[in-house]
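Below, chains carry the letters A, B, ... as their sequence lines are ordered, and counting in each starts from 1.
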2 protein chains.
Amino acid sequence: MSRLRIAPPPGLLPPLTEACPGHAGRQKVDCGTCQVRHLAVCSALSPEETEEMERAAGQLQLAPNELLVRQGQARIHVYSVTSGTLRTVRLMADGRRQVTGFLLPGDFIGLSGSAVHALDIEAVTASALCRFSQQDMRQLRTRFPHIERKMLERAFGELDANREYVVALARMSPVERLADFLLRLSARHARLGQDTPMLVLPMGRSDIADHLGLTVETVSRSFTKLRQQQLIALHGVQNVELLDRERLGALVHQGEA
Amino acid sequence: MSRLRIAPPPGLLPPLTEACPGHAGRQKVDCGTCQVRHLAVCSALSPEETEEMERAAGQLQLAPNELLVRQGQARIHVYSVTSGTLRTVRLMADGRRQVTGFLLPGDFIGLSGSAVHALDIEAVTASALCRFSQQDMRQLRTRFPHIERKMLERAFGELDANREYVVALARMSPVERLADFLLRLSARHARLGQDTPMLVLPMGRSDIADHLGLTVETVSRSFTKLRQQQLIALHGVQNVELLDRERLGALVHQGEA
DNA sequence: CGCATAGTTGAGTGCTATCAAATTACGTGG
DNA sequence: CCACGTAATTTGATAGCACTCAACTATGCG
């Protein structure tokens, strides 16, 4: 638990200040340094309270593919992603693999009631995180009800997102799933202030495949199909240009009566 | 918002008193009457506070297939299921249907951050619910932090469950999904005090199919396969006897390293 | 008792996984 | 900066499994 004044993290600095609903009207703050500070400010804590939160936090750097936690480990820490991208992975004994989600800057790791981690969490790209002990977090939650409220909102948000994800997995074709994924990722980037039609995919095809319940080959073919339909353009393998969000959305939102 | 002294609900009376972790060591309470009372007691509220909660609640009865809320409606109420079974349904324009979950006694409806309902909620069997306005609920949450904590725990629980569900949808064969579903439903019944090898399925095959991302035919064939392998026995269409939980579990938990 | 609905079983097709190969991207060392 | 080797991605051919369509059976209700 070291005193914080965290060095500027590598990678993009998300201007979360703007995006956070709880932040409206409050003083500007340097959210690039540490998500803890952001969380505190957005929870309407005083400067003194914010400092107390920061005291409880440690920081962490991960290289690509480095493991943060392993399935089955005791959950003694919670984390806040500062920069980079991580994936949450469920492995089955026979090798089947499911990437249940990707974690971007501002995301919180620890919205679970389980005593052990249900998932591996691995860095996709070089990443930085803030770390709290569960114990400290519990104290902070008790001490600052705003934090608890904030966590509840986050949990709600994840639940809402998860319901969409479930529909995609259960009822959409490969191309639809990919379109859904690209739009969803793009929306998250937009919330982080990167609102461009050019989307950078930090993860490889196999991560995407395992996230969408498909094989690498099918994902690749789906990219090709979207490209052939002029819905996206590929600039290298990482950079996807969303040419027609309208029609991409139409692929996905066959729904909501 | 009528004063409550709710008539004994139809259907089974879940002895939730025992199951709730927050309840340990506290005085017994008649949880059969209304889940609100249960929630209050399990949140360690005083009798006066409990009464205040009950005052804010209304009750509701639903006939089979009756609609509680429709996709897109404003979310002005939250609910607690007292008896019966409900399903949450996502409909797509072209008719594709996903049953994202089933709600059993003790379940809470309203763990969402959205301003509108993302799902239809329909009664599978005759059901009874307690209803609160969101507004009242928010007040109660602010007034009794225990409630907020409880909701967070519930949200965590749902998130954890959802992650399992996602793996089933994305990576399991039809037979595995069905085995997973049966065990999961059985576990929920066990938590409600119905810990028997005989499982009653309140929902029809098409609901199960749409929950597991399959067709009715495939679900039916999967039942047959499980029966042929002596893992289950069917007594009529509704009653499933779990003959070998061990091997059923083995089908599912190919996983966790 | 007859009809309507729900569930099971069967046959055939299509889509996605699988297997295999070619191509591209990338990091390393010359 | 380029050549090389490795890994990642794309493309192609094939096969298996779940969906579709269809018929049949069981269940429930008037």
Side-chain angles (χ1 to χ4, degrees), chain A residues 63-65 87 92 94-99 122 124-126 168-179 181-182 200-229 232-240 251, chain B residues 63-65 85 87 92 94-99 122 124-126 168-182 200-229 232-240 251:
Chain A
N65 295 313
R87 59 176 171 255
M92 296 174 77
D94 56 7
R96 281 179 285 185
R97 180 174 179 264
Q98 179 65 20
V99 174
E122 309 163 346
V124 174
T125 63
L169 286 178
R171 288 300 175 203
M172 287 188 191
S173 73
V175 180
E176 290 170 333
R177 288 186 215 184
L178 183 57
F181 171 69
L182 293 175
V200 180
L201 303 176
M203 70 294 288
R205 295 292 190 263
S206 66
D207 281 345
I208 298 176
D210 286 340
H211 182 57
L212 301 180
L214 302 169
T215 59
V216 187
E217 294 93 329
T218 300
V219 168
S220 182
R221 283 184 242 273
S222 301
F223 269 110
T224 303
K225 280 177 191 164
L226 289 180
R227 188 160 44 78
Q228 288 170 342
Q229 294 180 243
I232 64 170
L234 289 171
H235 306 275
V237 199
Q238 306 243 98
N239 303 299
V240 182
L251 270 184
Chain B
N65 295 313
T85 305
R87 58 176 173 256
M92 294 174 77
D94 55 7
R96 281 181 284 187
R97 178 174 179 265
Q98 179 65 18
V99 174
E122 307 163 349
V124 174
T125 63
L169 286 177
R171 288 300 177 204
M172 287 187 190
S173 73
V175 179
E176 290 170 333
R177 288 185 216 184
L178 182 57
D180 181 60
F181 172 69
L182 293 175
V200 180
L201 303 177
M203 70 294 288
R205 295 293 189 263
S206 65
D207 281 346
I208 298 177
D210 286 340
H211 181 56
L212 300 180
L214 302 169
T215 59
V216 188
E217 293 94 328
T218 301
V219 168
S220 182
R221 283 184 242 273
S222 301
F223 268 110
T224 303
K225 280 177 192 166
L226 288 180
R227 187 161 45 80
Q228 288 171 342
Q229 295 180 243
I232 64 170
L234 290 171
H235 306 276
V237 201
Q238 305 243 98
N239 303 298
V240 182
L251 270 184

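Evaluation of the side chain to side chain donor-acceptor pair (under 3.5 Å) rule for A:S173 yields A:E176 as partners, not counting sequence neighbours. With sequence neighbours excluded, no residue forms a side chain to side chain donor-acceptor pair (under 3.5 Å) with B:T125. Partners of A:S222 according to the side chain to side chain donor-acceptor pair (under 3.5 Å) rule, which considers only residues two or more places apart in sequence or in another chain, do not exist here. Judged as a side chain to side chain contact (heavy atoms under 4.5 Å, CB included), and not counting sequence neighbours, A:Q238 has no contacts. Among residues two or more places apart in sequence or in another chain, the salt bridge (Lys or Arg N to Asp or Glu O under 4.0 Å) test is passed with A:R221 by none. Scored by the side chain to side chain contact (heavy atoms under 4.5 Å, CB included) test, A:S220 finds no partners at all (sequence neighbours excluded).
Contact annotation: A:T224 side-chain N/O to D:dT11 OP1/OP2 distance is under 4.0 Å. Put simply, A:S220 has no side-chain N or O that comes within less than 4.0 Å of OP1 or OP2 on D:dT9.
Between the axis at the start and the axis at the end of the helix from C:dC1-D:dG30 to C:dG30-D:dC1 there is an angle of 40°, using five pairs per end and rounding to 10 degrees.
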List, with names and distances, any nitrogen or oxygen atoms from the protein found under 3.5 Å away from nitrogen or oxygen atoms belonging to nucleotides 21-26 of chain D.
{"unit_1": "D:dC21", "atom_1": "N4", "unit_2": "B:E217", "atom_2": "OE2", "d": "3.0"}

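The span of DNA chain C lying next to chain A, judged by atoms under 4.0 Å from heavy atoms, is bounded 5' to 3' by C:dT16 to C:dA25.
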Show me the side-chain donor-acceptor pairs of residues 201-213 of chain A shorter than 3.5 Å, one per line, residues at least two apart or across chains.
{"unit_1": "A:R205", "atom_1": "NH1", "unit_2": "A:V237", "atom_2": "O", "d": "3.2"}
{"unit_1": "A:R205", "atom_1": "NH2", "unit_2": "A:V237", "atom_2": "O", "d": "3.2"}
{"unit_1": "A:D207", "atom_1": "OD1", "unit_2": "A:R97", "atom_2": "NH1", "d": "3.4"}
{"unit_1": "A:D207", "atom_1": "OD1", "unit_2": "A:R97", "atom_2": "NH2", "d": "2.9"}
{"unit_1": "A:D207", "atom_1": "OD2", "unit_2": "A:R87", "atom_2": "NH1", "d": "2.7"}
{"unit_1": "A:D210", "atom_1": "OD1", "unit_2": "B:R171", "atom_2": "NH2", "d": "2.9"}
{"unit_1": "A:D210", "atom_1": "OD2", "unit_2": "A:R97", "atom_2": "NH1", "d": "2.5"}
{"unit_1": "A:H211", "atom_1": "ND1", "unit_2": "A:V99", "atom_2": "O", "d": "2.7"}
{"unit_1": "A:H211", "atom_1": "ND1", "unit_2": "A:Y165", "atom_2": "OH", "d": "3.2"}

